[in-house]
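First up is the structure itself, then whatever we jot down about it.
Just so you know, these numbers come straight off a predicted model, no measurement behind them. The chains referred to below are lettered A, B, ... by the order of the sequence lines, with proteins before strands, and numbering in each begins at 1.
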Amino acid sequence: MRLRSFGEMGTNVFNQNLKITQLGKSGRIEEAIKIFSQMTKKNTVTYNSMVSAYAKNGRIRDARHLDLFSWTLMITCYTRNGELQKARELFNLLPDKQDSVCWNAMIAGYAKKGLYEEAKKLFYEMPVKNLVSWNSMLAGYTKNGEMHIGLQFFEEMAERDVVSWNLIVDGFVEVGDLDSAWKFFKKIPEPNVVSWVTMLCGFARNGRIVEAQDLFEQMPIRNVVSWNAMLAAYVQDSQIDRAVRLFSEMPERDAVSWTTMINGYVCVGKLDEARQLLHRMPYKNIAAQTAMISGYVQSKRMDEASQIFNQIGTRDVVCWNTMIAGYAQCGRMAEAQFLFNLMTNKDLVSWNTMITGYAQAGQMDKALEIFDVMGKRNIVSWNSMIAGFLQNGLYLDALKMFLMMRKEGRRPDQSTFSCGLSACANLAALQVGEQLHHLILKSGYVNDLFVSNALITMYAKSGRVFNAELVFRDIGNVDIVSWNSLIAGYALNGYGKEAVELLEEMLIEGVAPDQVTFVGVLSACSHTGLVAQGLKLFKNMTQIHKIEPLPEHYACLVDLLGRAGRLEEALKLVLEKKVKATAGLYGALLGASRIHRNLELGKYATEKLLELEPHKASNYVLLSNIHAEAGRWSEVERIRVLMSERIAAKQPGCSWIELGNQVHSFLSDDAAQPRIAEVCSIPKTLTAELNCRTCVSDMKSSLLDIL
DNA sequence: CTAGGGTTAG
């Protein structure tokens, strides 16, 4: 029996390489071969030693053969690592270019990085092409989602094996075109386990669990990977009981099975079960332990997370990143920063996690600092910054970041576009939004649901709800967010009837409305005075659709009744306290009392608002105004005092406008603004124009020129 | 050259 001890003298790679060289020199080639073949870990020196050992003993053919093998090994190592420059240098020095393996490795390396021209050059230059060469080119196209070219290439292939077919299926799965994937899967002459697993994962990733299950049951041969794929399918579908049963029925389990199962428990919040499973796992690896940490992180149980973290002997980047993300999500940025500083092997994810953390903590200055300092950035770094500005209400900064990104020659992706559109929506920046729409059409991201839904909201909030409708009708596979966005868009623009009709269409199509849908429809009813309709819909919501009403729904109802002058019923709804009292609820009541000039009700609503939001200055102003209207000046004074006690400084209203190529920002009552009198007169003009239904958001801005 | 697990953006 062979010993596998680590510390034993003479068994490390270095010493064995030396031994091979010595044996070779003294003519003991058979002993050298024996050592070489027994070595479990070999490096390039090992191969070189063996090559010279063969050469010195006259076995030139063996030497050449092994030498080529060693070249091939090094080149494929580089290409698999994506280090194409180094691979190419070796490839150019290659003494014997007859063998196709190195060519294929180079082609695969270039093609996978999307460098099709380089790949093609080698492909057409190579002396003898085989199927692997063709498949390597094909993999380049399919792995990058270039299915048009990929399919064309596939058609040109004189000969195809199961790998070629699998690549096509995988490509379609990656771009989410399951119908095409299925079409090709069925055409595979002799599908193997890989084909079946690829298709199964495709169904699983797209929530088509029944089809995944059918496929699994039909599989002629199953290996661990097949079982793991089915397990992952149940986990993704949150069917934890089925996952547990499958896990117990599995004929064989490897580290991936255990990790998947632990992750399954984590996904449904069963952390104790996950912990027990980790405890039972025969050989705990980092992936499983990290899954556990991730579970604790999601429940903000950082003490237990760090307990697992501390148990890990050799920690890799991923588990560090998970811990940092955990502290960041808990708003504990000091600790996140501490760990980050401790890391010696930071990768892009580590940096991006810090950006996201600071952004979520509202510290965009810090996020920007990290972004500026980091050496390399990827698309996620940019998107995290843009999303951060967006979340903090800094919409203009978000757009500026978008611009800067394009100036640096980076291509925006689905996430960038949907964030950019969201910024436009919040600014009602129609023209910038339209420019983005053009870019999206050119970039091919029109079919992305995140993007389409963001387009709907952008148009709706910019007052072009019929453009929103066009976008909606163009989507092939609408989801609940699409429906909700358009309904909310109708509501916002005062199209109550259309909102209700869209809900009806949704029901006919068999799509189940959710809480958000009804917030949209009810607010549409209240904005357009569809009182009876709104009340009926609210009843349907609870009784037919079994949707638990939120405070927002009650706020809509109060608004609905209040606007119609049914103040007593509105007040009754609020007093019944069927939901948590929120600012929105009393806000609706206040709105109604202002329309119908009911001072007492207004006073009541505002006082409640003050209780809920004691630090919001506008509430004090509202209450003060009510008393002022009634001439109760002592009360006005009392509220002024109250406000100055509770709020350090009144946040001045701030806005900006772009004229020509300049941004003019101004505060309300800003004496420093040279043309404040003119600025203050603008709203009156605007209000007049608004009555003609023109769009306020037609700002000419420097953004437009650059987009 | 093809399939499965743990971390960051919407």
Side-chain angles (χ1 to χ4, degrees), chain A residues 76 101 104-105 107-108 111-112 130-140 142-143 161-171 173 188 191-202 204 223-233 235 254-264 266 285-295 297 312 316-326 328-329 347-357 359-360 378-388 390-391 413-422 448-451 453-454 481:
Chain A
T76 49
V101 180
N104 291 341
I107 291 171
K112 263 199 189 148
N130 58 18
L131 239 178
V132 179
S133 327
W134 285 87
N135 284 342
S136 300
M137 274 307 292
L138 181 62
T142 57
K143 290 278 165 192
D161 66 357
V162 68
V163 175
S164 335
W165 286 95
N166 290 349
L167 281 167
I168 291 289
V169 174
D170 184 58
V173 163
I188 305 180
N192 62 8
V193 201
V194 180
S195 330
W196 286 87
V197 171
T198 306
M199 198 61 233
L200 194 159
C201 290
N223 60 9
V224 210
V225 183
S226 329
W227 284 87
N228 289 344
M230 193 61 230
L231 188 67
V235 165
D254 64 4
V256 179
S257 331
W258 287 86
T259 310
T260 308
M261 194 61 238
I262 290 172
N263 190 37
V266 162
N285 63 7
I286 303 191
Q289 286 167 310
T290 309
M292 194 64 238
I293 293 177
S294 167
V297 158
I312 301 175
D316 66 0
V317 211
V318 181
C319 74
W320 278 94
N321 290 343
T322 312
M323 280 303 287
I324 293 177
Q329 279 156 28
D347 67 357
L348 263 171
V349 178
S350 329
W351 290 90
N352 294 342
T353 306
M354 290 301 289
I355 291 182
T356 310
Q360 281 164 357
N378 64 5
I379 185 85
V380 179
S381 325
W382 288 94
N383 292 347
S384 305
M385 283 304 297
I386 295 173
L390 197 62
Q391 284 153 12
D413 71 354
Q414 311 92 298
S415 174
T416 327
F417 279 123
S418 56
C419 286
L421 288 169
S422 219
D448 186 89
L449 255 184
F450 274 105
V451 172
N453 293 341
V481 180

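Using a 4.0 Å cutoff to heavy atoms of chain A, the contacted part of DNA chain B runs 5' to 3' from B/dC1 to B/dG10.
Across all strands, A/N104 comes closer than 4.0 Å to no nucleic acid atom at all (heavy-atom distances). Here A/I286 lies in heavy-atom contact (under 4.0 Å) with a base. Residue A/N378 is out of contact with every strand shown, counting any heavy-atom pair closer than 4.0 Å. Looking at heavy-atom distances under 4.0 Å, A/A108 makes contact with sugar-phosphate atoms alone, never a base. Backbone-only engagement by A/S384 is indicated by non-hydrogen atom pairs under 4.0 Å involving sugar-phosphate atoms exclusively. Residue A/A255 is in base contact, counting any heavy-atom pair closer than 4.0 Å across all strands shown. Heavy atoms of A/N223 sit under 4.0 angstrom from at least one base atom. Using a 4.0 Å heavy-atom cutoff across all strands shown, A/Q414 reaches at least one base atom of the nucleic acid. In this structure, A/D254 reaches the bases: a heavy-atom distance under 4.0 Å links it to at least one base atom across the strands shown. Residue contacts for A/A387: at a heavy-atom cut-off of 4.0 Å it reaches the sugar-phosphate backbone alone, with no base atom in range.
A heavy-atom distance below 4.5 Å is not found between the side chains of A/Q329 and A/T356. A heavy-atom distance below 4.5 Å is not found between the side chains of A/V132 and A/V163. The shortest distance between side-chain heavy atoms of A/V256 and A/V224 does not fall below 4.5 Å.
Annotation for A/A359 and A/G388: closest pair CB-CA, 3.7 Å, computed over non-hydrogen atoms.
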Inset, instruction - Step by step, work out the side chain to side chain contact (heavy atoms under 4.5 Å, CB included) result for A/S164 and A/L138. - result: CA-CA 7 Å; A/S164 335; A/L138 181 62; 4.1 Å; yes
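With sequence neighbours excluded, no residue forms a side chain to side chain donor-acceptor pair (under 3.5 Å) with A/S422.
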